[in-house]
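Heavy-atom basis, side chains included; hydrogens, waters and symmetry copies ignored. Each chain gets a letter, A, B and so on, in the order the sequences are listed, and its residues count up from 1.
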Amino acid sequence: MSQIKLKLPDGQFLDVKKGNTVLDVAEQIGSGLAKVAIAGKVDGVLTDLRTPLLQDADFEVVTKKSDEALEVYRHSMAHIMAYAVQKKYPDAKFGIGPSIENGFYYDFDLPAKITADDFEEIESSMQEIIKANLPFERKELTKEEALDFFEKKGQKYKVELIRELEDQPITIFRLGDFVDLCRGPHMKSSGEISAFKLLSVAGSYWRGDEKREMLQRVYGTSFRTPKELKAHLDMLEEAKKRDHRKLSKELGLFSTHEEIGPGLIIWHPNASRIRHVIEAYWKEQHYKHGYELLYTPHIGQSVLWETSGHLNYYQDSMYSPIDIDGANYYLKPMNCPFHIMAYKSELRSYRDLPLRWAELGTVYRYEKSGVLHGTMRVRGFTQDDAHIFCTPEQMAGEIREILRFSLSLWRAFGFSEIKAYLATKPAKAAGKDNEKWEQATEALKNAIIAEGLDWEVDEGGGAFYGPKIDLKIRDALGREWQMTTVQFDWNLTERFDMTYIGADGEKHRPYMIHRALLGSLERFFGVLTEHYAGAFPPWLAPVQAVVLPIADVHIPYAEKVLAKLRNAGIRASIDTSDDKIGYRIRQAQLKKIPFMIILGAEEAEEDKVTVRYRNGENKKMLDLNEFIDSVEWRKADI
RNA sequence: GCCUGUAUAGCUCAGAAGGUAGAGCACUUGCAUGGUAAGCAAGAGGUCGUCAGUUCAAUUCUGACUGCAGGCUCCA
């Protein structure tokens, strides 16, 4: 038997017998290690413990504590769940069952519908499987053997998958009576798993294709310990509490109406106040960053959308035309053509560039009814849009500037964890303008690196008209939201035949960059609401302070304090209802108002105020002016 | 759009073998002027999402539609 050479993480080499399994090697390194081994990593690929090693490789043992082990756990959980489902429905056909962030799922084709009521039964069946401590048995088959095996079982989805597999041999895993096509890796046995819970069931298309069969997908979550599981379930609870749709009802933020139409948002006074503050800050910052602001119409004639190409490529997302005097007008799904028309209304010189034109532009897009979600996904929304027209030489600097600007906005709104995704040339743009693509992609990459952002490449994720950067921001619950997008566009400049006169006196094509920093105000507002759980920081809070006189006799003094607060530009209100002070404090607390100014005989006498902070903290007998000075009522540079 | 649920007062939710409904909060009024998360009492408020079907009778059963929810696909 020949030997192979494995390179361990510490740089040492280990000679082992060819054909030894990952587990054998772990054993060789140390029996303690073998005990805690969950899988191996061979040349960076997660590999099952039972896999024989056939050639020299970088070798690493994945132990219980690593994140990769958690993936293995969850993937194994998916098999255990599938086994439980097979016990309940022997005719079940199986789709796929991977591990995902925070859990796992499995897709089933079943003779009956699974509902949440079935979870308890399936869970206890899973418990039994775990208790039985059944081994996961790995077996290698040829493609023919595998096809034969699953065809006999009537597992048509597995057969379809195997047909497309090129790797030989094909591996299957057996757990009790459940045999699944699977690359692995898996645990040694089902008993090594402890904390799990089934969460939900939903439909999902086979292979994500809406023309294919609809399968039933059961989602579950699992962790190494019950404690971690509980922490995750608590987080889900917390997310429910923070749901912007729920908070909207509690705080009076927005509404939608069947009579108006789905996905169309009515902003109520409190949300409108917040939006006003956001917009005011946004506009001020844009002027500071060298932008000009534009206002453009909501509709435009068909010829505009023909030129832009939207009627060709984007019509599915556009609403039917409106006939005006025999001409077809379309509601705008994007603002760019209008900005381009503004550009084209004059002859432009290279001396005019760059032009940075921004607009809070409200657009309308047809979104499938099933995707609508609160203010996060709607049919009418306002983008914080801008278009930058520049020379090719200016491009890199402009990108850099946009990123920096975006980061400063996110910081201002209280978000600090940001990740960039560099979307490169897609297959459909293949061949064309390679040099341009490379240049622009390079500029985007350099900007990301210069800003010190965490990032990864989204290979082929760019639009057909140019590469882009998307920024995802992480909220207080650790959830990621895609917000900022910065996109190159060589298509529209061409279609609209945009030009500028260069230093050489000749016409040149400008570069165009689309960008939205917050994304859309509706979506941003939803994220902001959930991030702060409705307890907006003072500068954003619709009501910043409420004045609460203890009893009627204190109203005159309270009015005086209210006037002073308002004079200082603070959004303050007064609650003179005849409820007792405890009740009014409760009301203010439920409305998450940052400051309660409580005034009674003592305060009136000494011309002081008592402040109750939103967190319950109480500061008695403060000087009003000193209190006012202690709070950031507005972002410094508004 | 597709799958699975779901729809009762402004909100959160009960409810009936098919005989037109109830609580808490909110709201209105009265009493109480009360120092840090719900004072007391009374009152008002619903064609039980819409339209059909079955039935002597439908808010309850059936179907369609619409909205909403969780997913899938798509996306700011």
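Note on A:Tyr219: only backbone sugar-phosphate atoms sit closer than 4.0 angstrom, heavy atoms only; bases stay farther off. Counting non-hydrogen atoms under 4.0 angstrom, A:Arg612 reaches a base of the nucleic acid. Residue-level contact check: A:Lys249 touches the backbone only, with heavy atoms under 4.0 Å from sugar-phosphate atoms and none from bases. When heavy atoms are screened at a 4.0 angstrom cut-off, A:Glu602 is found touching base atoms of the nucleic acid. Among the atoms of the strands shown, only primed sugar atoms or phosphate atoms (P, OP1, OP2) are found under 4.0 Å from some heavy atom of A:Gly519. Using a 4.0 Å heavy-atom criterion, one finds that A:Val201 contacts no nucleic acid atom at all. Among the heavy atoms of the strands lying under 4.0 Å from A:Tyr366 are primed sugar atoms or P, OP1, OP2 only; no base atom is included. Within 4.0 Å (heavy atoms only), A:Gly370 reaches at least one base atom of the nucleic acid. Within the 4.0 angstrom heavy-atom criterion, only backbone atoms of the sugar-phosphate kind lie near A:Gln482; the bases stay farther away. Within the nucleic acid shown, A:His257 has no heavy atom closer than 4.0 Å to any nucleic acid atom. Across all strands shown, A:Ala601 has heavy atoms under 4.0 Å from base atoms, whether or not it also approaches the sugar-phosphate. In this structure, A:Ser520 reaches the bases: a heavy-atom distance under 4.0 Å links it to at least one base atom across the strands shown. Residue A:Gly208 is classed as a sugar-phosphate contact, given heavy-atom separations below 4.0 Å to backbone atoms only.
Rounding to whole angstrom units, NE2 of residue A:His387 and C1' of B:A76 are separated by 13 Å. Separating the NZ atom of A:Lys580 from the P atom of B:A37 is a distance of 13 Å, rounded to the nearest angstrom. For the pair A:Arg377 CZ and B:G70 P, the computed distance is 13 Å after rounding to whole Å. Taking atom CG of A:Asp385 as the reference point, atom C1' of B:A76 lies 10 Å away to the nearest angstrom. Rounded to an integer number of Å, the gap from A:Met376 CE to B:A69 P is 12 Å. B:A76 atom P lies 11 Å from atom NZ of A:Lys472, rounded to whole Å. For A:Glu210 and B:C72, the CD to P distance is 13 Å, given to the nearest whole Å. Per the geometry, CG belonging to A:Asp575 stands 13 Å off C1' belonging to B:G34, to the nearest Å.
Using N1 to N3 plus N6-O4 or O6-N4 for Watson-Crick, or N1-O2 and O6-N3 for G-U wobble, each under 3.5 Å, B:A17 pairs with nothing. Taking a pair to require two hydrogen-bonding distances under 3.5 Å in either a Watson-Crick or a G-U wobble arrangement, B:A58 remains unpaired. For B:A7, the paired base is B:U66 (Watson-Crick or G-U wobble, both distances below 3.5 Å). Across the strands present, B:A44 finds no partner; the criterion is a Watson-Crick or G-U wobble pair with both atom distances under 3.5 angstrom. In this entry B:A38 has no Watson-Crick or G-U wobble partner, no candidate having both defining distances under 3.5 Å. When both pairing distances are held under 3.5 Å, B:A32 makes no Watson-Crick or G-U pair with any nucleotide shown. Nucleotide B:G1: paired with B:C72 (Watson-Crick or G-U wobble, both distances less than 3.5 Å).
When the C1' atom is used for both B:G39 and B:A32, the distance is 7 Å, rounded to whole Å. Remark: the separation of the P atoms in B:U50 and B:C11 is 15 Å, to the nearest Å. Atom name C1', nucleotides B:C48 and B:A9: the rounded distance is 10 Å, in whole Å. Using P as the reference atom, B:G67 and B:U29 are 38 Å apart when rounded to the nearest Å. When the P atom is used for both B:A14 and B:U4, the distance is 24 Å, rounded to whole Å. Nucleotides B:U62 and B:C68 place their C1' atoms 22 Å apart, quoted to the nearest Å. For the C1' atoms, the distance from B:A57 to B:U20 is 10 Å, rounded to whole Å. Spacing between B:U60 and B:C72 at atom C1', rounded to whole Å, works out to 33 Å.
Put simply, the side chain of A:His339 never gets that close to the backbone of A:Glu359: no donor and acceptor are under 3.5 Å apart.
Each of A:Gln589 and A:His373 lies near RNA chain B, and the nucleotide nearest A:Gln589 is the one positioned closer to the 5' end. Residue-to-nucleotide proximity on RNA chain B shows that, of A:Thr610 and A:Leu215, the 5′-proximal contact is made by A:Leu215.
The base of B:A26 lies outside donor-acceptor range of the side chain of A:Gln587, with no N or O pair under 3.5 Å. For B:U33, its base sits under 3.5 Å from the side chain of A:Asp552 at one donor and acceptor pair at least. The base of B:G35 sits within donor-acceptor range of the side chain of A:Glu603, with an N or O pair under 3.5 Å. Residue A:Tyr205 places no side-chain atom within donor-acceptor reach of the base of B:G71, judged by atom type and a 3.5 Å distance cut-off alone. Between the base of B:A32 and the side chain of A:Asp578 there is a donor-acceptor pair shorter than 3.5 Å.
Under 3.5 Å, the side chains of A:Glu71 and A:Ser99 contain no donor-acceptor pair of N or O atoms.
Residue A:Ser204 has its side chain nearest to B:C72 when only B:G34, B:C72, B:C75 are considered. Here the nucleotide nearest the side chain of A:Ile550, chosen from B:G34, B:A76, B:G67, is B:G34. For A:Lys368, taking side-chain heavy atoms from C-beta onward, the closest of the listed nucleotides B:U36, B:G1, B:G67 is B:G1.
A distance cut-off of 5.5 Å between ring centres, combined with a plane angle under 30°, places A:Phe381 in a stacking arrangement with the base of B:A76.
Taking only side-chain nitrogens and oxygens, A:Tyr105 never comes nearer than 4.0 Å to OP1 or OP2 of B:G71. Considering only side-chain N and O atoms, A:Arg245 lies under 4.0 angstrom from the phosphate OP1 or OP2 of B:G70. Contact annotation: A:Tyr583 does not reach the phosphate of B:C40 (side-chain N/O to OP1 or OP2, under 4.0 Å). Side-chain N/O atoms of A:Lys113 include one lying less than 4.0 angstrom from OP1 or OP2 on B:U4. Between A:Ser200 and B:G71 there is no side-chain N or O to OP1 or OP2 distance below 4.0 Å.
The residues A:Lys113 and A:Asp118 are annotated as not salt-bridged, no charged nitrogen and carboxylate oxygen being separated by less than 4.0 angstrom. Classification of A:Lys619 and A:Glu626 as a salt-bridged pair fails, no side-chain N sitting under 4.0 Å from a carboxylate O. Under the 4.0 Å criterion applied to side-chain N and carboxylate O atoms, A:Asp243 and A:Arg245 are assigned as salt-bridge partners. Salt-bridge formation is not detected for the pair A:Glu213/A:Lys93: no Lys NZ or Arg NE/NH1/NH2 atom is positioned less than 4.0 Å from an Asp or Glu carboxylate oxygen. A salt bridge does not link A:Glu398 with A:Arg515: none of the charged nitrogens is closer than 4.0 Å to a carboxylate oxygen. Electrostatic pairing of A:Arg479 and A:Glu530 counts as a salt bridge here, judged by a charged N lying under 4.0 Å from a carboxylate O.
The side-chain tip of A:Arg74 does not point at the ring of A:Phe104 from less than 6.0 angstrom away and within 45° of straight on.
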- request: Begin from the C-alpha positions of A:Lys419 and A:Arg474 and carry the test side-chain contact (heavy atoms from CB on, under 4.5 Å) through to its verdict.
  value: CA-CA 8 Å; A:Lys419 188 164 175 185; A:Arg474 210 175 264 282; over 6 Å; no
